[in-house]
Structure formats: structure tokens, C-alpha cells
K.L.:
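Below are the C-alpha cells for one structure; questions will follow.
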Amino acid sequence: MGASTFIETEVTVPKGQKLDLIDNVAAPHVIKNGTWNGSTPDPTTESGAPTVSANFTGGDKQTVGPFNTAGTFKLYCTIHGGMKLTVIVK
């Protein structure tokens with residue numbers, strides 16, 4: 001993650017795998033299930049998605065998952081408008 005964006009906005013992981021989220025800068029982030037629709041947060045959790053609630057203070061790493069269901073799942077930062085990530089599980 002950068003200061004206010006995900007460096008990669010889409011990642012593909014195999015079913016059953018966890019995902020490492022790495023905060024590469026000294027910026028706080030709160031990553032949760034959901035996405036941004038324009039400037040409006042949408043905290044919807046897709047069916048089969050693991051519950052994600054990860055707080056970062058900067059320069060740290062957390063692992064989320066496992067992603068046990070195939071599909072497309074959305075994560076977003078509640079602090080930074082427009083900061084969103086699509087996780088594709090195959």
C-alpha cells in the first residue's frame with residue numbers, strides 16, 4: 001500500500017490462500033470488506049468472503065484470509081477515499 005492507494009488494485013490468489021497486506025509508507029490505513037462507489041463508502045461483504053478488519057500504523061504488515069471461496073471480493077481503506085482492492089480467488 002502507498003500513502004493513499006493500493007499499489008496493485010487487483011490481485012489473484014488460489015482458493016484457500018491468505019493475503020499479505022503491506023503498508024510500505026508511514027501512513028495509517030483501516031482495511032475492511034467493501035469498496036468505494038465514487039466518494040461514498042459501501043461496506044458490503046460478499047458471500048463467502050473472510051471478514052477483514054485490519055488497522056495499519058505505517059510500515060507494517062498484516063495477513064488477511066484465508067480466502068476459502070472462489071469469487072471476486074472487494075476490500076477498501078475507510079480512511080482514504082477511492083482506495084480499493086479487488087481480490088480474485090480461483
Side-chain angles (χ1 to χ4, degrees):
M1 294 178 278
S4 62
T5 61
F6 282 100
I7 294 170
E8 294 185 39
T9 58
E10 182 177 292
V11 295
T12 300
V13 298
K15 188 174 159 184
Q17 184 171 318
K18 295 181 180 182
L19 179 65
D20 289 332
L21 298 176
I22 302 167
D23 190 356
N24 290 331
V25 296
H29 297 290
V30 177
I31 308 301
K32 296 194 178 245
N33 298 87
T35 191
W36 287 98
N37 289 323
S39 61
T40 304
D42 176 5
T44 303
T45 301
E46 297 87 3
S47 177
T51 299
V52 175
S53 184
N55 295 310
F56 296 85
T57 57
D60 47 348
K61 172 179 106 169
Q62 291 192 42
T63 301
V64 297
F67 290 85
N68 291 323
T69 304
T72 301
F73 305 102
K74 306 286 184 175
L75 302 177
Y76 77 118
C77 179
T78 63
I79 298 172
H80 299 104
M83 183 175 172
K84 55 189 178 178
L85 173 67
T86 300
V87 180
I88 300 168
V89 181
K90 294 185 176 187

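None of these values were measured; they are calculated from a predicted model. Side-chain atoms are counted along with the backbone in the values below, which use heavy atoms only and exclude waters and symmetry mates.
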K.L.:
Do any N or O atoms from the side chain of His29 and from the backbone of Gly2 form a donor-acceptor pair under 3.5 angstrom?
P.N.:
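Yes, His29 side chain to Gly2 backbone: donor-acceptor pair under 3.5 Å.
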K.L.:
Do Thr63 and Asp20 have a side chain donor and acceptor closer than 3.5 Å?
P.N.:
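Distance-only check passes for Thr63 and Asp20.
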K.L.:
If you measure from SG on Cys77 to NZ on Lys32, what distance do you get to the nearest 0.5 Å?
P.N.:
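Rounded to the nearest 0.5 Å, the SG-NZ separation comes out at 10.5 Å.
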K.L.:
Restricting to non-hydrogen atoms, name the atom on Phe56 and the atom on Ile31 that form the minimum distance, rounded to 0.1 Å.
P.N.:
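Minimum heavy-atom contact is CE1-CG1, 3.7 Å.
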K.L.:
Are the side chain of Trp36 and the backbone of Thr78 linked by a donor-acceptor contact shorter than 3.5 Å?
P.N.:
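A pair under 3.5 Å: no.
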K.L.:
For Gly58, does its backbone N or O pair with a side-chain atom of Asp23 as donor and acceptor, under 3.5 Å?
P.N.:
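It does hold such a pair.
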K.L.:
Please tell me if the side chains of Val87 and Val13 come closer than 4.5 Å, counting only heavy atoms from C-beta onward.
P.N.:
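Result yes, sub-4.5 Å side-chain heavy-atom pair found.
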K.L.:
Should Val11 and Tyr76 be counted in the same cluster of Ile, Leu, Val, Met, Phe, Trp and Tyr side chains packed under 4.5 Å apart?
P.N.:
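Different clusters.
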K.L.:
How long is the gap from NZ on Lys84 to CG on Asp42, to the nearest 0.5 Å?
P.N.:
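With rounding to 0.5 Å, NZ (Lys84) is 10.0 Å from CG (Asp42).
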K.L.:
Using modelled atom types only, decide if a donor and an acceptor are shared between the side chain of Gln17 and the backbone of Phe67 within a distance under 3.5 Å.
P.N.:
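No.
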K.L.:
Under 3.5 Å, is there a donor on one side chain and an acceptor on the other for Lys74 and Thr86?
P.N.:
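Thr86 and Lys74 do have a side-chain donor-acceptor pair below 3.5 Å.
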K.L.:
If you look at every heavy atom in Pro66 and Gly16, which pair is closest and at what distance?
P.N.:
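For Pro66 and Gly16, the tightest heavy-atom pair comes out as CB-O, 3.5 Å.
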K.L.:
At what distance, to the nearest 0.5 angstrom, does CD1 of Ile22 lie from NZ of Lys61?
P.N.:
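Those atoms lie 5.5 Å apart.
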K.L.:
Take Thr12 and Lys90 through the test side-chain contact (heavy atoms from CB on, under 4.5 Å) and record every step on the way to the result.
P.N.:
CA-CA 7 Å; Thr12 300; Lys90 294 185 176 187; 4.1 Å; yes
K.L.:
Is there a side-chain contact between Leu19 and Leu85 (heavy atoms, below 4.5 Å)?
P.N.:
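In contact.
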K.L.:
Within the structure provided, determine whether Glu10 and Ile88 are in side-chain contact (heavy-atom separation under 4.5 Å).
P.N.:
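Yes, at least one pair of side-chain atoms sits under 4.5 Å.
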K.L.:
Taking all heavy atoms of Ala54 and all of Gln62, pick out the closest pair and write down the distance.
P.N.:
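Looks like CB-OE1, 3.5 Å.
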K.L.:
Taking the side chain as everything from C-beta on, heavy atoms only, tell me whether Val64 gets closer than 4.5 Å to Leu21.
P.N.:
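Yes, close enough: below the 4.5 Å cut-off.
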K.L.:
If every non-hydrogen atom of Phe73 is compared with every non-hydrogen atom of Ala49, which pair is closest and at what distance?
P.N.:
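Smallest heavy-atom distance, with atoms named: CD2-CB, 3.4 Å.
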K.L.:
If I compare all heavy atoms of Asn33 with all of Pro50, which pair ends up nearest, and what's the gap?
P.N.:
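Where Asn33 meets Pro50 most closely, the heavy atoms are ND2-O, 3.0 Å.
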K.L.:
Provide the closest heavy-atom pair for Ser4 versus His80 in the form atom of the first, atom of the second, distance.
P.N.:
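Result for this residue pair: CB-CD2, 3.6 Å.
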K.L.:
Using a 4.5 Å cut-off on heavy atoms from C-beta on, say whether the side chain of Thr69 contacts that of Val89.
P.N.:
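No, their side chains stay 4.5 Å or more apart.
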